[in-house]
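Worksheet: the structure to be examined is printed underneath.
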Amino acid sequence: MLDIKLVRQNIQEVEAGLAKRGMHPDMAAFNDADDNRRKILAELESLRHQRNVVSDEIAALKKRGENAEAMVTEMRTVAGRIKELEKEIQTHEAFIDTFMLGLANLPHSSVPEGHDETQNTLVKTEGTPPQFENEAQAHWTIGENLGILDFNRAAAITGARFPLYLGAGARLERALINFMLDVHTRTHGYTEVLPPFIVNRATMTHTGQLPKFEEDLFKLEGWDYFLIPTAEVPVTNIHQSEILSADKLPIYYTAYTPCFRSEAGSYGKDTRGLIRQHQFNKVELVKFVLPETSYNELETLLKDAEAILQRLELPYRVVTLCSGDLGFSAAKTYDIEVWMPAQGVYREISSCSNFEDFQARRANIRFKRKGQKGTELVHTLNGSGLAVGRTLAAILENYQQSDGSVIIPEALRDFMGGEEVLRP
RNA sequence: GGAGAGAUGGCCGAGUCGGCUGAAGGCGCUCGCCUGCUAAGCGAGUGUGGGGGGAAACUUCCACCGAGGGUUCGAAUCCCUCUCUCUCCGCCA
């Protein structure tokens with residue numbers, strides 16, 4: 001959520017910022033509601049003041065055993081008027097709340113302008129794509145030939161877009177999870193957490209998935225609970241409504257969770273393989289930081305995610321998302337894209353974002369500086385470190401051999417019981 | 001699933017028959033004093049959000065005692081609904 005004061009006082013800037021995303025909210029309607037609210041509030045508060053004062057007088061009179069009937073009758077009408085105004089102000093507040101919850105974050109000044117992913121800007125390219133004698137096979141072909149991925153049986157168990165890993169495939173997925181968690185906890189200083197995979201509506205609202213994107217989520221029948229689309233949601237909410245002390249910051253968490261996405265609106269895209277599933281595994285990185293440090297923290301977050309690809313020796317590139325491609329809650333996002341030889345493209349494998357105080361305001365996550373009055377909102381960041389299924393797919397494709405086998409990256413061998421090659 | 005108890009400020013904890021209780025008391029924290037140092041002691045201060053005034057320090061008003069409704073001139077205190085926590089029983093990975 002944006003700061004309502006900022007919106008009030010800088011309507012033009014807010015409009016301009018959101019326009020870069022291609023969004024054009026009705027600021028005039030907001031202005032009207034906001035003005036009306038404050039007009040009513042002034043009257044309401046003075047009536048409440050009157051009520052408080054007179055109620056005290058009534059109490060004093062009664063204590064002395066005197067008659068207070070006249071005042072009581074007078075206050076009866078005041079109380080009635082207060083109730084009317086409260087109802088009136090509520091409609092404006094409901095409108096303002098909905099409006100504010102629907103406003104996306106403002107893009108940071110360093111974010112390139114553009115309206116879709118074709119206008120993202122390249123930051124750097126790392127590693128060299130492997131050369132193959134024959135045509136590179138797609139990971140689903142490799143996986144099915146190795147007998148470690150079975151999409152047909154998964155479809156029978158559940159339906160389309162669910163994975164079934166078998167044997168060394170299941171073990172490789174688990175090895176990747178352990179490898180990533182170990183790197184982040186042991187060398188990058190993150191604390192491992194294992195959160196709930198189901199969260200309530202308030203939690204989902206705090207990080208920005210709700211109220212606008214409910215159709216992207218799986219909701220539990222009969223409950224106001226949702227399956228998490230990313231660990232960002234439960235982990236960022238660990239500190240909801242808390243006042244942290246400044247010397248405890250920064251806080252770094254890493255979590256493995258499965259992620260559940262309805263993938264509404266993506267029919268026909270990536271219909272084969274592990275790229276786009278309703279359920280996938282991800283190791284997530286989440287940071288709570290001091291505002292003045294958040295853009296430096298974004299750079300180190302990106303490095304922490306990149307380190308996984310470097311250790312796995314997978315070729316990748318980093319892009320800065322343009323304003324039109326930026327997620328709802330983010331002020332700035334880097335995507336890391338891994339090389340997928342079969343399709344000859346780079347595919348997103350991590351998304352590292354600074355949300356500034358956007359999520360913190362919704363989730364009411366504040367901090368206090370020592371010796372200073374008042375509280376400030378923390379800045380939150382998160383990034384994938386990494387999407388596990390896509391990493392496994394990238395390994396199958398980049399490490400494939402002409403005989404159908406797949407070499408296991410050296411960094412993973414300790415996690416694979418020393419195995420070096422997957423053979424059919 | 002059954003029975004009961006509870007939810008108050010950074011923490012602990014008091015709130016009687018509804019009325020100077022934004023909230024006693026304690027701890028913690030901050031500043032000052034005292035003291036060879038430390039500890040102890042003494043004094044003062046110390047919630048959040050919102051509206052108005054002020055360049056600012058600050059000031060004034062309103063709201064907030066798990067959440068939401070209700071009763072009342074007036075609710076932390078009474079009533080209803082919900083959520084969560086704890087205890088006992090049952091069931092269970």
Side-chain angles (χ1 to χ4, degrees), chain A residues 1-9 30-101 194-206 210 220 222-226 234 237-249 251 258 288 357-378:
Chain A
M1 198 153 57
L2 298 175
D3 184 356
I4 192 163
K5 284 182 194 157
L6 177 99
V7 177
R8 262 205 287 264
Q9 289 160 13
F30 163 77
N31 237 347
D32 283 353
D34 192 48
D35 281 350
N36 283 329
R37 186 191 84 94
R38 272 190 294 174
K39 238 170 258 165
I40 295 166
L41 188 63
E43 188 185 349
L44 182 60
E45 288 195 345
S46 82
L47 285 177
R48 288 208 271 230
H49 178 58
Q50 190 191 347
R51 182 185 66 184
N52 289 344
V53 171
V54 176
S55 289
D56 283 350
E57 284 171 24
I58 292 170
L61 284 180
K62 289 203 166 174
K63 206 169 257 176
R64 277 181 269 135
E66 291 172 36
N67 186 295
E69 244 345 280
M71 283 184 175
V72 170
T73 347
E74 191 196 341
M75 282 306 101
R76 244 193 282 270
T77 63
V78 170
R81 180 70 183 142
I82 287 175
K83 217 157 258 184
E84 279 171 34
L85 290 176
E86 279 173 346
K87 217 166 259 173
E88 236 177 281
I89 207 165
Q90 226 170 2
T91 63
H92 291 112
E93 280 174 349
F95 175 86
I96 292 167
D97 284 353
T98 310
F99 182 86
M100 291 303 295
L101 283 173
L194 184 59
F197 304 158
I198 295 173
V199 300
N200 62 32
R201 181 174 292 275
T203 289
M204 218 43 117
T205 305
H206 295 159
L210 292 178
L220 297 201
W223 298 70
D224 207 18
Y225 289 174
F226 302 84
N237 275 282
I238 286 175
H239 295 297
Q240 61 178 104
S241 294
E242 286 185 33
I243 300 175
L244 306 161
S245 66
D247 45 289
K248 281 206 183 138
L249 299 173
I251 296 171
F288 300 81
D357 62 14
F358 188 86
Q359 295 181 325
R361 185 172 290 107
R362 291 174 165 236
N364 198 220
I365 307 169
R366 294 167 294 171
F367 73 96
K368 205 169 194 142
R369 294 187 204 261
K370 214 174 174 175
Q372 260 180 304
K373 269 200 134 182
T375 57
E376 296 171 59
L377 294 165
V378 303

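Every chain is numbered from 1 and lettered A, B, ... according to where its sequence line falls, protein lines coming before strand lines.
Under the 4.0 Å criterion applied to side-chain N and carboxylate O atoms, A:E86 and A:K83 are not assigned as salt-bridge partners. Ionic pairing of A:D35 and A:K39 is not present here: no N-O contact between side-chain nitrogen and carboxylate oxygen is shorter than 4.0 angstrom.
Between A:Q90 and B:G69, a side-chain N or O to OP1/OP2 separation shorter than 4.0 Å is present. In this structure, A:T375 reaches the B:G49 phosphate: one of its side-chain N or O atoms is under 4.0 Å from OP1 or OP2.
Residue A:E376 is classed as having no contact, given no heavy-atom separation below 4.0 Å to the nucleic acid. Backbone-only engagement by A:K83 is indicated by non-hydrogen atom pairs under 4.0 Å involving sugar-phosphate atoms exclusively. Across all strands shown, A:A79 has heavy atoms under 4.0 Å from sugar-phosphate atoms exclusively, and none from any base. Across all strands shown, A:L41 has heavy atoms under 4.0 Å from sugar-phosphate atoms exclusively, and none from any base. Counting any heavy atom pair closer than 4.0 Å across all strands shown, A:K368 reaches sugar-phosphate atoms only and no base atom.
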Item to check | Derivation and outcome, side-chain contact (heavy atoms from CB on, under 4.5 Å), residues A:H239 and A:V378 | outcome: CA-CA 10 Å; A:H239 295 297; A:V378 303; over 6 Å; no
Item to check | side-chain contact (heavy atoms from CB on, under 4.5 Å) between A:R51 and A:R81, worked out | outcome: CA-CA 11 Å; A:R51 182 185 66 184; A:R81 180 70 183 142; over 6 Å; no
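Within the shown strands, B:G26 is the pairing partner of B:C11 under the Watson-Crick or G-U definition, both distances less than 3.5 Å. Figure legend. B:G47 is base-paired to B:C64; pairs are counted as Watson-Crick or G-U wobble with both atom distances under 3.5 Å. The partner of B:G41 is B:C33, by the rule that a Watson-Crick or G-U pair needs both atom distances under 3.5 Å. Pairing partner, B:U72: none, since no Watson-Crick or wobble contact has both distances short of 3.5 Å. With both pairing distances under 3.5 Å, B:U85 is matched to B:A5 as a Watson-Crick or G-U wobble pair.
As rounded to whole Å, 22 Å separates atom P of B:G18 from atom CE of A:M75. The nearest whole Å value for the distance from the CH2 atom in A:W223 to the C1' atom in B:C84 is 14 Å. Remark: P of B:C11 and CD1 of A:I243 are 9 Å apart, rounded to the nearest angstrom. Spacing between atom NZ of A:K62 and atom P of B:C73 amounts to 9 Å, rounded to whole angstrom units. Look at CD1 on A:I82: it is 13 Å from C1' on B:U72, rounded to the nearest Å. Atom P of nucleotide B:G49 and atom NZ of A:K5 are separated by 9 Å, given to the nearest angstrom.
Closest to the A:R8 side chain, of the nucleotides B:U48, B:U71, B:G51, is B:G51. Comparing atom distances between the A:R76 side chain and each of B:G49, B:U72, B:G50 picks out B:U72 as nearest. Nearest nucleotide to the side chain of A:R37, out of B:C73, B:G50, B:G52: B:G50.
For the P atoms, the distance from B:U87 to B:G25 is 33 Å, rounded to whole Å. Across B:U8 and B:G66, the matching P atoms stand 6 Å from one another, rounded to whole Å. Separation of the P atoms belonging to B:G49 and B:C37 is 40 Å when rounded to the nearest angstrom. One C1' atom belongs to B:G19, the other to B:U35, and the distance between them is 48 Å to the nearest Å.
Nucleotides of RNA chain B nearest to A:I58 and A:K87 differ in position, and the one nearer the 5' end is that of A:K87. Where A:A59 and A:R38 meet RNA chain B, the nucleotide closest to each residue was compared, and A:A59 sits on the side nearer the 5' end.
By the 4.5 Å heavy-atom criterion applied to side chains, A:N364 and A:Q240 are not counted as neighbours. Contact check for A:L61 versus A:N67: no side-chain heavy atoms found under the 4.5 Å cut-off. Contact annotation: the side chain of A:F226 approaches that of A:L210 to within less than 4.5 Å [non-hydrogen atoms, C-beta and beyond]. In this structure, the side chains of A:I40 and A:E43 stay at 4.5 Å or more apart for every pair of heavy atoms.
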Ignoring hydrogens and angles, write down the donor-acceptor pairs under 3.5 Å from the side chains of residues 92-99 of chain A, residues two or more places apart or on other chains.
from, atom 1, to, atom 2, distance (Å)
A:H92, ND1, A:E88, O, 3.3
A:E93, OE2, A:R37, NH1, 3.3
A:T98, OG1, A:A94, O, 2.8

Checklist outcome for this item: With B for base contact, S for sugar-phosphate-only contact and - for none (protein heavy atoms under 4.0 Å), nucleotides 57-67 of chain B reads ----BBS----
